[in-house]
Structure formats: C-alpha cells, structure tokens
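Below is one structure, written out as structure tokens; the observations come after it.
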Amino acid sequence: MRLIEELKKAVIKGHANVDAAYPPDMKGQPGVIDLVNKALEENVELKTILNKGLIGGMNIVGEKFSSGEYFVPEMMISAKAMKGGLNLLEPLLVKEPSQKLGTVIMGTVKGDMHDIGKNLVGMMLEGGGFEVIDLGVDVLPEKFVKVASKHPDALIGMSALLTTTMENMRETIELIRENSLDNKIIVGGAPITEKFANEINADGYSNNAGIVVDMAKNLLKIDNK
Ligand code: B1M
C-alpha cells in the first residue's frame with residue numbers, strides 16, 4: 001500500500017511532520033505524524049500501520065546503521081519521528097478496562113536506553129487490561145527488586161536491545177530470586193532468544209508485543225480471554 005510505504009520512508013528518513021525541516025529534501029512533504037493520521041482516517045488496520053509502517057521503517061534504520069550508512073544521530077532522529085507516530089496510536093491501543101486484571105512492572109535493563117519496544121509492550125498490556133508500572137530505561141536490578149517487593153503479585157517485564165545489556169537480565173533475575181521474590185518474569189527484545197530466556201530462568205519470552213497479553217494472563221493465571 002502506497003501510504004504505508006510513504007510512512008515507512010518517513011520513519012527511515014526521520015521526517016516527523018510536514019513542517020519539519022529535516023531532512024531538507026523532504027521539507028513540505030507529509031511526515032510520520034501526518035501519514036499516521038491519514039492512515040487512521042482511511043481506516044488502515046492498526047497492526048499494518050504499526051508493523052509494516054513504523055516498525056518496518058525502524059528495521060531498515062537498524063540495517064542502515066549496521067552497514068555504516070547511518071550513525072547514532074540518524075537513529076535518534078528516526079526514533080523520535082517514530083515515537084510521534086506511536087503517540088497517535090497509543091489511545092487506540094490503550095483502552096480503559098472496567099477492571100484491572102493485574103499489574104506488570106516494566107523496564108529496560110541496566111545500561112540500555114532503548115525504550116520504543118518496551119513502551120509498545122506496555123501499551124499492549126494496558127490495552128489488554130493490565131496496570132503497567134513503567135520504570136523507564138537503564139533500570140538497575142535493585143530498582144526492580146524494590147518495586148517488586150511492594151507488588152509481590154505483579155508480573156515483571158524486562159526489555160533489552162543490546163547483546164551487552166541482555167546479560168543484565170540474568171543479574172536482575174538472580175537478585176530478584178536472592179531476595180526471595182517469586183514474581184513471574186518475562187523477557188524480550190531483539191537479541192533475546194528462547195534459549196537465553198530459559199538459561200537465565202525467565203518464566204516467559206516473547207520476540208514481539210503481540211503475544212505478551214496472553215502470556216501475562218497465562219503466567220498470572222487470569223482466566224479472562
Ligand atoms: Co540502538 N542499537 N544503539 N539506538 N537501535 C540497535 C538495537 C542495533 C541492533 C542497531 C544495529 O546495529 N543494527 C544495535 C545493537 C547491536 C547489538 O547489540 N548486537 C544498536 C546499537 C549498537 C546502539 C548503540 C550502542 C549505538 C552507539 O552508541 N554506538 C547505542 C546504545 C545506547 C544504549 O542503550 N546504551 C544505541 C542507541 C540508539 C538510539 C538512542 C539512537 C535509538 C533508541 C531510541 C529509543 O529507544 N528511545 C536506537 C535505535 C532506534 C535502534 C534501532 C534502529 C531500533 C530499535 C527499535 O526501537 N525498534 C535498533 C535496530 C533494530 O532493532 N532493528 C538498534 C522498534 C521496536 C518496536 O522494536 O525494540 O525490538 P524492539 O521491540 C520489539 C520486540 O523486540 C519485542 O516487542 C517489540 C515490538 O514487537 N520486545 C519485547 C521488546 N521488548 C520486549 C519485552 C517483552 C516482550 C517483547 O517482555 C517484557
């Protein structure tokens with residue numbers, strides 16, 4: 001679909017909206033915010049806007065970074081533009097349920113600043129009826145322990161995007177268990193595999209935001225489909 005291709009391109013180029021001066025060759029053209037709004041007006045499915053447009057674009061940004069075509073500033077600009085689009089989707093993903101099903105403590109682990117995936121998982125969980133306590137990025141193991149000790153029934157969700165920081169999930173889980181907390185724990189993020197999740201004794205693993213709600217319901221034994 002042409003509109004989604006345009007959206008993907010706007011993410012790749014980091015063009016936030018029609019008034020944005022960056023990049024100069026796209027000045028005056030619709031940006032991520034305009035195109036997400038247009039897609040919503042045209043009733044394009046949320047998952048198409050999200051997976052094919054926003055995430056599809058961001059995956060190409062990652063490839064360009066790997067190949068040396070992009071550097072950190074370009075990644076940052078694209079991430080900012082993508083966040084503008086996600087903000088528009090948030091109210092549609094997060095609806096207010098009449099009754100909260102449970103609590104999830106979410107955070108990106110120590111040393112890691114990536115939060116787009118974590119935020120998306122958080123939105124899905126909120127939309128699925130969970131209260132989300134978002135600890136943000138670069139969350140120390142001690143912080144997870146402190147908050148979990150106040151919420152012994154909560155599910156803990158950890159995100160990591162770097163091969164260097166995924167090891168901090170292991171450290172966090174060890175500290176949680178050393179403190180005799182038996183909260184269920186799920187992990188995710190681009191470099192995480194099921195094998196790694198098993199190795200660090202996580203209770204669940206997901207490589208996408210889509211299945212996290214069902215996983216949370218199963219782990220917290222919530223019978224509400
Ligand atoms: Co960074 N970065 N980055 N980066 N960045 C990656 C991750 C990288 C793969 C790029 C690449 O080389 N191709 C690479 C990591 C390589 C590696 O470790 N092997 C990388 C690098 C190297 C770095 C720096 C070290 C660069 C540098 O400084 N030299 C640096 C590290 C900073 C730090 O964290 N300490 C860095 C910085 C940044 C920015 C700040 C510029 C920016 C982040 C902005 C932000 O998040 N606010 C950024 C970005 C944007 C990326 C890429 C391009 C996109 C990440 C993203 O948001 N994807 C990324 C390449 C890529 O992933 N393709 C890259 C979209 C998002 C929706 O997907 O987060 O995977 P994702 O989440 C998914 C699933 O993984 C899953 O569900 C989500 C939705 O489906 N999921 C979970 C995530 N968490 C979950 C938790 C769950 C369950 C599922 O349960 C709890």
Side-chain angles (χ1 to χ4, degrees), residues 8 11-14 32 46-47 49-87 89-90 93 103-128 130 132-139 144 148 154-169 172-173 176 183-194 196-197 200 202-220:
K8 196 169 156 184
V11 172
I12 297 168
K13 303 274 270 177
V32 174
L46 273 188
K47 66 172 190 231
I49 303 175
L50 191 58
N51 295 334
K52 298 211 167 131
L54 297 175
I55 296 181
M58 195 48 88
N59 284 340
I60 307 277
V61 172
E63 286 168 19
K64 286 183 181 288
F65 180 76
S66 295
S67 69
E69 186 184 339
Y70 274 16
F71 295 94
V72 173
E74 283 91 350
M75 269 204 299
M76 273 177 137
I77 292 168
S78 287
K80 194 162 175 240
M82 177 175 175
K83 280 187 173 186
L86 268 184
N87 288 343
L89 300 186
E90 184 168 8
L93 293 170
T103 302
V104 184
I105 301 164
M106 282 286 300
T108 302
V109 295
K110 182 172 82 174
D112 200 319
M113 302 299 173
H114 296 84
D115 67 354
I116 297 178
K118 168 193 66 75
N119 294 347
L120 195 53
V121 170
M123 283 179 208
M124 296 290 191
L125 286 164
E126 283 183 344
F130 290 87
V132 174
I133 301 174
D134 185 357
L135 304 183
V137 296
D138 189 18
V139 181
F144 276 106
L155 176 69
I156 299 174
M158 287 180 222
S159 183
L161 265 285
L162 300 172
T163 44
T164 45
T165 57
M166 60 194 262
E167 275 302 320
N168 298 334
M169 288 178 159
T172 307
I173 294 180
I176 289 169
N183 301 65
K184 296 284 184 202
I185 302 171
I186 59 172
V187 293
I192 311 303
T193 59
E194 191 159 13
F196 178 74
I200 63 173
D203 300 293
Y205 149 79
S206 165
N207 62 1
N208 70 80
I211 61 164
V212 170
V213 172
D214 282 341
M215 186 180 282
K217 285 179 184 170
N218 287 337
L219 286 169
L220 296 183

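As the structure lists them, so they are numbered: ligands from 1, and atoms in each ligand from 1.
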Contact partition for V212 relative to ligand 1, non-hydrogen atoms under 4.0 Å: side chain

How far is atom 58 (N) of ligand 1 from the closest protein heavy atom, and which atom is that? M58 CG, 3.6 Å

Tell me which part of E63 gets within contact of ligand 1: side chain, backbone, both or neither, using heavy atoms under 4.0 Å. neither

With respect to A209, determine whether any N or O atom, backbone or side chain, lies less than 3.5 Å from an N or O atom of ligand 1. yes

I'd like to check whether S159 has a polar contact with ligand 1, where a contact means an N/O of the residue lying under 3.5 Å from an N/O of the ligand. yes

Counting both backbone and side chain atoms, is some N or O of G62 under 3.5 Å from an N or O of ligand 1? yes

Using modelled atom types only, decide if a donor and an acceptor are shared between the side chain of E167 and the backbone of T164 within a distance under 3.5 Å. no

For atom 52 (C) of ligand 1, what's the nearest protein heavy atom and its distance? M75 SD, 4.1 Å

Using distance alone, decide if ligand 1 has a nitrogen or oxygen within less than 3.5 Å of any nitrogen or oxygen in H114. yes

Distance-only, no hydrogens or angles: does the D138 side chain make a donor-acceptor pair with backbone N or O of K110 under 3.5 Å? no

Please determine whether any non-hydrogen atom of S206 lies less than 4.0 Å from an atom of ligand 1. yes

Does M113 reach ligand 1 with a nitrogen or oxygen that is under 3.5 Å from one of the ligand's nitrogen or oxygen atoms? yes

Would you mind checking which non-hydrogen protein atom is closest to atom 18 (O) of ligand 1, with the distance to 0.1 Å? T163 N, 2.9 Å

Would you mind telling me if ligand 1 is within reach of the side chain of L120, the backbone, both or neither, using heavy atoms under 4.0 Å? side chain

Would you say T164 and ligand 1 have an N/O pair spaced under 3.5 Å apart? no

Answer with yes or no whether K80 contacts ligand 1, where contact means a heavy atom under 4.0 Å from a ligand atom. no

Would you say F65 has any N or O atom under 3.5 Å from an N or O of ligand 1, going by distance alone? no

Tell me which part of V121 gets within contact of ligand 1: side chain, backbone, both or neither, using heavy atoms under 4.0 Å. side chain

